[in-house]
J.: 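I am attaching a structure below and will ask some questions about it afterwards.
Just so it is clear, the values below take in all heavy atoms, side chains as well, and ignore hydrogens, waters and symmetry mates. Chain identifiers are assigned alphabetically (A, B, ...) following the order of the sequence lines, protein sequences preceding nucleic acid strands; residue numbering begins at 1 within each chain.
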Amino acid sequence: MTLDWKRLHGTWQQEWREDRVFQVDVEDYSKKKYFITTPYPYMSGLLHLGHLFTYMAPEATARFKRMQGHNVLFKFAFHCTGTPIVAAAQRVKEGEPTQIATLHKMGIAQSEIPKFSNPEYWCEYFPKENLKDLHNLGFVIDDQYTFKTTYLDPTYDKFVTWQFNKLHQLGYVTKGKHPVMWCPKDNVPVGDHDRAEGEGETPKDFIWIKYRLKHSDLILMTGTTRPDALLGQTNLWIDPHGKYKVVEIHSVNDQTEKWVVGEAVIQKICDQCDPKVKILRDIDVHELIGKWVQGPVVGGAREELYTLPAGFIDSKVGSGLVYSALEDPVDLFELRKIQSDKKLLDSFHLDHATVTKLKPIPIISVEEMGEDLGDSIGKEFNITSADQKEKLEEAKGELNRRVYRKGIMRESCGKYGGMNIPTCQEAIKKDLLQEGDAVMFWEPTGKVVCRCLTPCIVKVVSNQWFLEYDNPEWKKITHECLDMLTLYPEKIRKQFDYVLDWLQHWACTREFGLGTKLPWDHEWVIESLSDSTLQMAYCTIAKYLEHPKEYGLHVEHLNDAFFDYVFLGQGSVAEVEKSTKITRVMVEKMRHDFEYWYPVDFRNSAKDLLQNHLAFCLFNHTALFPKKHWPKAYVLNGRIMVNNEKMSKSKGNFFTIRELYEKYTADIIRLTAANAGEGVEDANYDLTFLETARNKLEDVYEFACGHYNKGRSGAEMLSIDVWFENMINTCVEAATQSMENMLFKSAVQAGFMNMQRHLKWYTRRTHGNYNKKVINHFIETQLKLLVPFTPHFCEETWHTIGKKTYISNESWPVAGHIDSRAMLTEELLEQTMSDISEVLKLAKTEKVETVTLFVADTWKYDAFKKIGEELERTREFKEIMGSMMKEEEFKKYSGELTKLIPKFVKVGSVGTATSQPFELKVLYDAVTFLEREFSCSIVVVRGEDNTHAKARGAMPGKVGILVE
RNA sequence: GCGGAUGUGUCGGAGUGGUCAAACGAGCUACCUUGAGGGGGUAGUGGCUUAGUGCCUGCGCAGGUUCGAACCCUGUCUUCCGCACCA
């Protein structure tokens, strides 16, 4: 008998729908509630295995909490704001083949493809399709509450508008500028996902330092990432073949300055510093080389430096010129080369004496590297000339690493002395900026190319709006919120703490993309990680807001006052009624619903949202809501692997929920997902377990149908029946604990695997002659424990055995009293059986007729008990032996005890010693069973009644065995 | 570099100071089930030894604390993840 899985899924989904089993209404505001949310998925495609894994947590919890008698709201929504959908639509428009192939793979017909060149169509198509998939999985989502983000949902749009007005009023949104990777062709910032090349590369500050040319108003700009090296500056380098220009800058400290920079970098000034930069004239390198310049103030007076030509300088990099610090091997070897090149010196009319005098100034000490770092690393890399460019670069990299990690500024560096390098760099940077001796610039950490194949640049965006997550007060109160938050697993708290501190201001607006317009500056669209941080509040009343006609709402009249009242209790209901034209009763109803559902009891996601969304969510809650409405618990999970490989489209192990459902059906893929892993480590979706899961479930079905209401009736409980009851209780207890702690794999293990294992043993012991009451209890409990994972299957089986209710609405089982003594019977028996097998193997007897089991002498049980007590007190052999010998009963066994006690002392315990009558009874009761198992006759004998060596060797819990 | 995590059998993974380390799942081996090609069952699966209650070795590596450590401490190495303006 096999199950028709497809059919049973359809059947029960329909039944649930028709009977509105999972429709959520608040009728009784005193009923305990449980509010579950999960970050909504992004609608750039169909949901996949990763979603299934993450969403199994809220789904299983929702069903579990329902069965425990909570009114549960598991809200779901679809995320459409942001840029990826727009970018993808654009690619469709351009006919980009991989994008179109992706759509084909999701089952979209060629004729439909053109529709996807419109971003709004994605927002229409995918939420609909994905909701279908979620229903197919049997998720307990109530459609009344689902919605999609963006302006396409006008009420949601109003809500985000309210949220940002609030944050703005509180002073948490400010305007500023910051550097971004930028595509000069598209004129937009280029995020990691929009790049053809250069994922993970970011702008790195590359400070430009001013050197004033003597007897002139010109300033030579030198770029560097190592401001610390400034303390060892010796000269300036100019590219003798470079093209340099004089430009006029307006916006630095409200003053006008004339800069000398490489021709090729003027655009950079335009992008990052002064968009109105004016080019004054060309300047010949001879005007720049062999001159004196005044450096910045670092730790004392301005120093005067000489300018020199250098072969390695490229006028297109940085600012086009650099200062020289001879701890750098590149600088050092270049200088040595010049010093020995008379012809070169003369061609630039350089002062020989000045050049000859130049030598390294030690500023940093690195362990085991001596005074002169440049020379020392040069020797290590066997460098002899400035022409060994590759080796020099390598040496420079290695030296930089060592300096950064281990270097300490020498005491000669004045106030910077003793600092490590990162600290020193920050300090110098700050001082330079304060003195007006430097300007901040940025360079990409590596090459970045836009999807449109244009190389990207760094641009400083001004007029950008930020959420001030670096506000110390806000941070402090959000830390408080984190301290109150329950985390599953708890060990991620450290990481979370760090993230809250690490977060800086967050650019919360975009120039393009889908989303809500910034209410007070319509040029900007609210960015998609910023518009989703408070929507859990919206969810509580989404049922009304998403169906305005039904509930007499007028979307166009919705306003901030409405949300102020419903969410914060601010203002008066009369005013809200007046301005929104919503009836007072309706407004109050929504306020009550919100007050009922909030706070969020459970929010989960994969761990990659920790450092943005989950953290933002806390910040936004602490900003707007009182403590009682802060989130209660976060559940984090790892990424999903498939057969221990990363899931990826290129590896061919990428699965959408839809295709898995088609192939295996919902319950099986759900169970496999729950069994894939738990906690924050990466989980493994085991494709072979899909088969195992189906086979095991079919076993459960067959067993339930074949044995429900059958078996021994009457009140008699055999010891094995008692044991089995105990094991059921143990499993219920463990499964419940696991569900409470969000450990779903453990819950499957306890509630399914272990239940089945114990059933096997029970079957073997009773030879299939079950106690009716016990087996019914088992079958019902087994099904209930599986409901969170395989609800359709459970309904089907539940009804097949004759139940009329929905098992989804049944109560979660409660563990009865667990009697640890009842377990000992089977432990003893299993130990005995395993020993008999061992002996039989070793006996090499042709045919075994009788196995005699000797139960230990009575005194041994007493001795074990006594030794056990002694061990609680001491580990000294002498002491234990001493107190044993005080007892008359044990005196005559001193020989045996001398051998036994040292072993127990070593182990620290005597194990579980019961009593002779107990062991005798267990074995007598099991004689029939043992005879069947070993196909021979079994005799049980008291130790005292026999003098055989095997009888003497018997110990409590370990019978003596004689095979004949 | 900074921060977090991780390291146990053929594999996924239990076990966080105490009787036996490897539960549970998977794989493999043998046998049984004549529903004998993806089903079910039993036994085995670090090494040695043995008519069983034994010994040795073993939880990344090296030390330490303890009567006792996979678990606590110190150091070290491996692997993975994050370091943002992006969902």
J.: A/Phe126 vs A/Trp122 aromatic rings, parallel, tilted or perpendicular, using cut-offs 30° and 60°?
T.: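 It falls in the tilted class, 30° to 60°.
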J.: Within the pair A/Thr688 and B/A26, is there a side-chain N or O less than 4.0 Å away from OP1 or OP2?
T.: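 Checking A/Thr688 against B/A26: no side-chain N or O falls below 4.0 Å of OP1 or OP2.
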J.: Does the structure place the NZ or CZ of A/Arg765 under 6.0 Å from the centre of the six-membered ring of A/Phe929, at an angle of no more than 45° from the ring's axis?
T.: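 Yes - A/Arg765 lies over the ring of A/Phe929, closer than 6.0 Å to its centre and within 45° of its axis.
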J.: Looking at the side chain of A/Gln749, which of B/G41, B/A23, B/U6 is the nearest nucleotide?
T.: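 From the listed options, B/A23 comes nearest.
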J.: Using the P atom as the reference point in each nucleotide, state the distance between B/A23 and B/G13 in Å, no decimals.
T.: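 These two P atoms come out 16 Å apart once rounded.
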J.: Please pick, from B/C86, B/A26, B/A84, the nucleotide with the shortest atom-to-atom distance to any side-chain atom of A/Leu503.
T.: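 Closest of the options to the side chain of A/Leu503: B/A84.
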J.: Is A/Arg694 near enough to B/G38 that one of its side-chain N or O atoms lies under 4.0 angstrom from OP1 or OP2?
T.: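 False: A/Arg694 side-chain N/O out of range (4.0 Å or more) of B/G38 OP1/OP2.
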J.: Side chain of A/Phe689 only, please: which of B/G25, B/A5, B/U42 is the nearest?
T.: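 So the side chain of A/Phe689 is nearest to B/G25.
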J.: With syn defined as a glycosidic angle within 90° of 0 and anti as everything else, classify B/G27.
T.: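 Here the answer is anti: the torsion falls beyond 90° from 0.
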J.: With a cut-off of less than 4.0 Å, is there a side-chain N or O of A/Ser530 near OP1 or OP2 of B/C85?
T.: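 Looking at the OP1 and OP2 atoms of B/C85, neither is under 4.0 Å from any side-chain N or O of A/Ser530.
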J.: Name the closest nucleotide to the A/Asn612 side chain, picking from B/A84, B/A5, B/C86.
T.: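 Ranking B/A84, B/A5, B/C86 by closest atom to the A/Asn612 side chain puts B/C86 first.
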J.: Just say parallel, tilted or perpendicular for the rings of A/His51 and A/His48, cut-offs at 30° and 60°.
T.: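 Tilted.
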J.: Tell me, please, which residues at least two apart from A/Pro444 pass side chain to side chain contact (heavy atoms under 4.5 Å, CB included).
T.: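 Partners of A/Pro444 by the side chain to side chain contact (heavy atoms under 4.5 Å, CB included) criterion, ordered by chain and then number, come out as A/Met181, A/Val458.
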J.: Base, sugar-phosphate, or nothing: which does A/Ser746 touch, judged by heavy atoms less than 4.0 Å apart?
T.: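 Result for A/Ser746 = nothing.
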J.: Taking any strand in view, what nucleotide pairs with B/C83 in a Watson-Crick or G-U wobble way, both distances under 3.5 Å?
T.: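 WC or wobble partner is B/G1.
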J.: In whole Å, I'd like the distance from the CD atom of A/Glu702 to the C1' atom of B/G35.
T.: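 So the two atoms are 12 Å apart, to the nearest Å.
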J.: Produce the list of close N/O pairs, under 3.5 Å, pairing protein atoms with atoms of nucleotides 81-83 of chain B; give distances to one decimal.
T.:
{"residue": "B/C81", "atom": "OP1", "partner": "A/Lys646", "partner atom": "NZ", "Å": "3.0"}
{"residue": "B/G82", "atom": "O3'", "partner": "A/Gln611", "partner atom": "NE2", "Å": "3.4"}
{"residue": "B/G82", "atom": "O2'", "partner": "A/Gln611", "partner atom": "NE2", "Å": "3.2"}

J.: Would the A/Phe616 and A/Tyr469 ring centres measure less than 6.0 Å apart?
T.: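 Centroid distance A/Phe616-A/Tyr469: below 6.0 Å, so yes.
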J.: Quote, to the nearest angstrom, the C1' distance that separates B/U29 from B/C67.
T.: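 Their C1' atoms lie roughly 42 Å apart.
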J.: I want to check one thing: is the phosphate of B/A87, taken as OP1 and OP2, less than 4.0 Å away from some side-chain N or O of A/Ser44?
T.: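 Checking B/A87 against A/Ser44, no side-chain N or O comes under 4.0 Å of OP1 or OP2.
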J.: Tell me whether A/Gln916 contacts the main-chain N or O of A/Ala856 through its side chain, where contact means a donor paired with an acceptor under 3.5 Å.
T.: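 Yes; at least one donor-acceptor contact below 3.5 Å.
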